[in-house]
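For reference, the structure is listed below as structure tokens.
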2 protein chains.
Amino acid sequence: MGADEDAVIGRRGSRPKGVARRQEILDRAIEVFREQGASGTSLRRIAEAIGVSHAALLHYFDSREQLLVAVYAHAEQNHENPPGLRPGIDTMIHAARRNVDIPGLVTLYSTLLAASLEDEEGVGRDFFTARFDVLRGSITESLRVQQREGLVRDDVPAEHLAALLIAASDGLQIQWLLDPGVGLESTLQTLGVLLRPPA
Amino acid sequence: MGADEDAVIGRRGSRPKGVARRQEILDRAIEVFREQGASGTSLRRIAEAIGVSHAALLHYFDSREQLLVAVYAHAEQNHENPPGLRPGIDTMIHAARRNVDIPGLVTLYSTLLAASLEDEEGVGRDFFTARFDVLRGSITESLRVQQREGLVRDDVPAEHLAALLIAASDGLQIQWLLDPGVGLESTLQTLGVLLRPPA
DNA sequence: GTCTATACTTTGATAGAC
DNA sequence: GTCTATCAAAGTATAGAC
């Protein structure tokens with residue numbers, strides 16, 4: 001493999017490829033998603049919308065899955081947490097609200113996540129495993145602090161609450177997509193009430 | 001349609017198509033999932049495992065998606081709620097435990113659900129919309145009763161709790177698949193604690 | 001380094017033969 | 001009712017132009 005050769009030869013490895021152009025492609029790909037939603041996400045359709053051949057995309061990304069994961073990761077990191085807000089219910093509500101704003105982002109997330117369950121070896125597998133790990137970790141830590149401050153009930157383990165927060169947020173966004181009457185934000189607020197210490 | 005002809009002609013009606021054969025195919029397809037998991041779910045692979053051509057499957061199911069939805073629906077209905085248990089945390093835990101027992105069932109569910117988000121017109125769309133609707137409805141009703149009985153806190157709307165229960169269960173099963181250390185059952189038990197009325 | 005052209009393979013789906 | 005043949009689309013991989 002070329003990468004191995006680089007490592008062996010001693011070249012300063014891992015400058016994936018044209019970083020600038022790669023970013024450019026990602027940005028335009030996100031635009032495609034913002035306009036067309038999750039439909040027509042085949043390599044050829046994306047390439048056509050960007051104005052290159054589908055093979056060109058594979059010059060920067062090893063596979064369609066890798067491209068889509070990069071697109072999602074890029075979109076997710078573009079709207080990071082507002083400063084001064086500790087990970088918890090409020091940040092989840094904030095994130096959910098914005099996810100729903102970008103058409104196709106929740107769908108893309110769900111599709112890639114499902115694909116990562118199917119393929120033990122895929123690129124998405126590592127991404128989502130790490131994502132959940134980091135998310136659970138930071139939320140757990142934040143909740144533990146809030147438990148000490150008396151802001152969150154401390155009769156249940158913070159790890160469980162963190163996993164529940166993420167699961168509820170993910171699941172509710174899907175339910176909301178299928179039936180907007182579900183009330184995404186208000187339901188998450190209710191979960192926030194459940195976290196409060198008993199008066 | 002053949003079924004209509006039968007009815008008009010007066011033959012002993014309503015053998016829509018090969019109902020028996022259709023069931024047979026479904027049963028064997030589920031076996032394939034139980035053994036091989038969610039991998040190799042292409043029409044040709046399933047057909048090969050059953051011993052027919054892939055076109056034969058399309059004789060009984062209009063599309064691959066319809067077949068897979070039927071497979072999931074069949075598997076889900078096969079393990080219905082234990083009698084005497086009202087819809088709520090306990091039934092969700094019960095269901096989650098069994099889902100996790102059948103390899104590939106959670107993955108199949110997630111995949112079909114994601115696909116239904118992508119395709120506004122697909123067969124899965126109606127299925128999942130209806131499924132969530134029915135689930136939320138029955139759980140809401142059950143929780144309302146338990147609120148009156150003092151078993152569930154009544155300072156939050158039962159509809160929200162129902163949506164949260166389903167979302168948490170769905171989301172946790174996925175997190176558990178990616179990292180079994182998550183503690184599916186114990187985390188759901190914790191959610192049960194959150195539902196209890198403040199002492 | 002960047003990209004096009006092209007071909008290979010799998011897949012879902014359809015049409016028609018038996 | 002089932003198969004064979006066939007198609008179009010898609011992901012992937014390679015060769016080579018610039």
Side-chain angles (χ1 to χ4, degrees), chain A residues 1-3 5-6 9 11-29 32 36 38-71 108 111-112 114-116 118-119 121-124, chain B residues 1-3 5-6 11 15-26 28-29 32 36 38-71 108 111-112 115-116 118-119 121-124:
Chain A
M1 298 301 213
E5 279 179 26
D6 288 353
I9 296 177
R11 248 180 286 174
R12 63 188 182 298
S14 63
R15 245 264 296 283
K17 257 162 193 179
V19 181
R21 180 74 175 122
R22 195 182 149 110
Q23 274 298 320
E24 206 177 314
I25 290 179
L26 274 186
D27 286 331
R28 304 199 60 172
V32 174
Q36 307 188 5
S39 311
T41 60
S42 78
L43 273 181
R44 285 173 167 85
R45 295 271 284 259
I46 296 176
E48 186 185 15
I50 291 183
V52 294
S53 74
H54 70 281
L57 297 185
L58 292 178
H59 181 70
Y60 299 93
F61 303 90
D62 290 341
S63 69
R64 172 181 180 264
E65 193 198 11
Q66 186 177 102
L67 166 62
L68 293 186
V69 169
V71 165
L108 176 62
T111 302
L112 292 177
S116 81
E118 286 193 1
D119 185 5
E121 326 266 329
V123 201
Chain B
M1 301 296 209
E5 277 179 28
D6 287 352
R11 249 180 286 172
R15 257 259 296 278
K17 251 181 198 172
V19 179
R21 182 79 176 115
R22 196 182 148 110
Q23 272 297 321
E24 205 177 315
I25 290 179
L26 272 186
R28 305 199 60 171
V32 175
Q36 307 189 4
S39 312
T41 60
S42 79
L43 275 180
R44 282 173 170 87
R45 294 272 281 261
I46 297 176
E48 185 187 13
I50 292 183
V52 293
S53 73
H54 74 281
L57 297 185
L58 292 177
H59 181 69
Y60 296 95
F61 303 91
D62 290 341
S63 69
R64 171 180 180 265
E65 193 197 10
Q66 186 176 101
L67 166 62
L68 293 187
V69 168
V71 164
L108 176 63
T111 301
L112 292 176
S116 82
E118 286 194 359
D119 186 6
E121 326 267 330
V123 201

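Below, chains carry the letters A, B, ... as their sequence lines are ordered, and counting in each starts from 1. Every value quoted in this text rests on a predicted model; they were computed, and no experiment measured them. What you see below is based on every heavy atom in this structure, not just the backbone, and it leaves out hydrogens, waters and symmetry mates.
Of all nucleotides listed (D:dT4, C:dT4, C:dG12), C:dT4 comes nearest to the side chain of A:Val52. When each of D:dA13, C:dA15, D:dG11 is scored by its nearest atom to the side-chain atoms of B:Ala55, the top-ranked nucleotide is C:dA15. Ranking D:dG11, C:dA13, C:dT2 by closeness to the B:Arg64 side chain, first place goes to C:dA13. If you check C:dT11, D:dG11, D:dC3 against the side chain of B:Ser42, the one that comes closest is C:dT11. When distances run from any side-chain atom of A:Leu43 to the nucleotides D:dT12, C:dG12, C:dT4, the shortest one goes to D:dT12. Closest to the A:Tyr60 side chain, of the nucleotides C:dT2, D:dG1, C:dT4, is C:dT2.
Atom-to-atom, CD1 of A:Ile46 to P of D:dG11 comes out at 8 Å; the value is rounded to the nearest Å. The interatomic distance linking B:Ile50 (CD1) with D:dC3 (C1') rounds to 16 Å, in whole Å. Following rounding to the nearest Å, A:Asp62 (CG) and D:dT14 (C1') show an atom-to-atom distance of 15 Å. Per the geometry, CD belonging to A:Glu65 stands 18 Å off P belonging to D:dA10, to the nearest Å. C:dT2 atom P lies 15 Å from atom CG of A:Leu58, rounded to whole Å. D:dA10 atom P lies 14 Å from atom CG of A:Leu57, rounded to whole Å. In this entry the distance linking CG of A:Leu67 with C1' of D:dA10 reads 14 Å, nearest Å. Rounded to whole Å, the distance from CG on A:Leu68 to C1' on D:dT12 is 15 Å.
Looking only at side-chain heavy atoms (C-beta outward), B:Arg64 and B:Thr41 come within less than 4.5 Å of each other. Two residues are said to be in side-chain contact when any heavy atoms from C-beta on lie closer than 4.5 Å; B:Leu26 and B:Phe61 meet this criterion. For the pair B:Leu68/B:Ile46, a side-chain contact is recorded, criterion being any heavy-atom separation below 4.5 Å from C-beta on.
In this structure, B:Arg44 reaches the bases: a heavy-atom distance under 4.0 Å links it to at least one base atom across the strands shown.
A sub-4.0 Å separation between OP1 or OP2 of C:dC3 and a side-chain N or O of A:Arg21 is present.
For the residue pair B:Thr111 and A:Glu118, a side-chain donor N or O sits within less than 3.5 Å of a side-chain acceptor on the partner.
Taking only distance into account, the side chain of A:His54 never meets the base of D:dA10 through a donor-acceptor pair shorter than 3.5 Å.
Electrostatic pairing of B:Glu24 and B:Arg21 counts as a salt bridge here, judged by a charged N lying under 4.0 Å from a carboxylate O.
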